[in-house]
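Structure record follows, encoded as structure tokens.
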Amino acid sequence: LHLVLRLRGGGKVHGSLARAGKVRGQTPKVNKDDDLKKAVTGRAKKRWQYKRRFVNADPNAGKKIGPNNQQARLEREAAEEAAREKAEALKAEAEAAKVVATE
């Protein structure tokens, strides 16, 4: 038994060649940016990470605080306010000593 099935229409699947390149022709031309730097990879990337994490790192920075951690944010703001008040007190004390010295 030999069964042959043929599709009607001659097997046209992708349309006529008159529409070839339609999308590319409609797309607006955008010029390439010349000033983009290539991303650092391999040994150079590891060197960059080491310098950022250990060489240039601030030893007093501590752990990074996420944007949703309200408790840590409030604690940090309170510590900054206390440091600011201490600096103002030292400044006022220095000015008072300066006035006494000029008299």
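Side chains included, hydrogens not; waters and symmetry mates left out as well; all remaining heavy atoms used. Throughout, residue positions are numbered sequentially from 1 according to the sequence presented.
Residue Glu93 places its CD atom among 12 or fewer non-hydrogen atoms of other residues, nucleotides or ligands, all under 6.0 Å distant. With a 6.0 Å radius and a threshold of 12 heavy atoms from other residues, nucleotides or ligands, Arg73 has its CZ atom above the threshold.
Thr41 OG1 to Lys46 NZ: the interatomic distance, rounded to the nearest 0.5 Å, is 11.5 Å. Leu74 contributes atom CG, which lies 9.5 Å from atom CZ of Arg76 (distance to the nearest 0.5 angstrom). The distance from atom CD of Glu85 to atom CG of Leu90, rounded to the nearest 0.5 Å, is 12.0 Å. The CD atom of Glu75 lies 11.5 Å from the CD atom of Gln70; values are rounded to the nearest 0.5 Å.
No hydrogens or angles considered: nothing links the side chains of Gln49 and Arg52 as a donor-acceptor pair under 3.5 Å.
Annotation: side-chain hydrogen bond (donor to acceptor under 3.5 Å, both in side chains) contacts of Arg84 (sequence neighbours excluded): Glu81.
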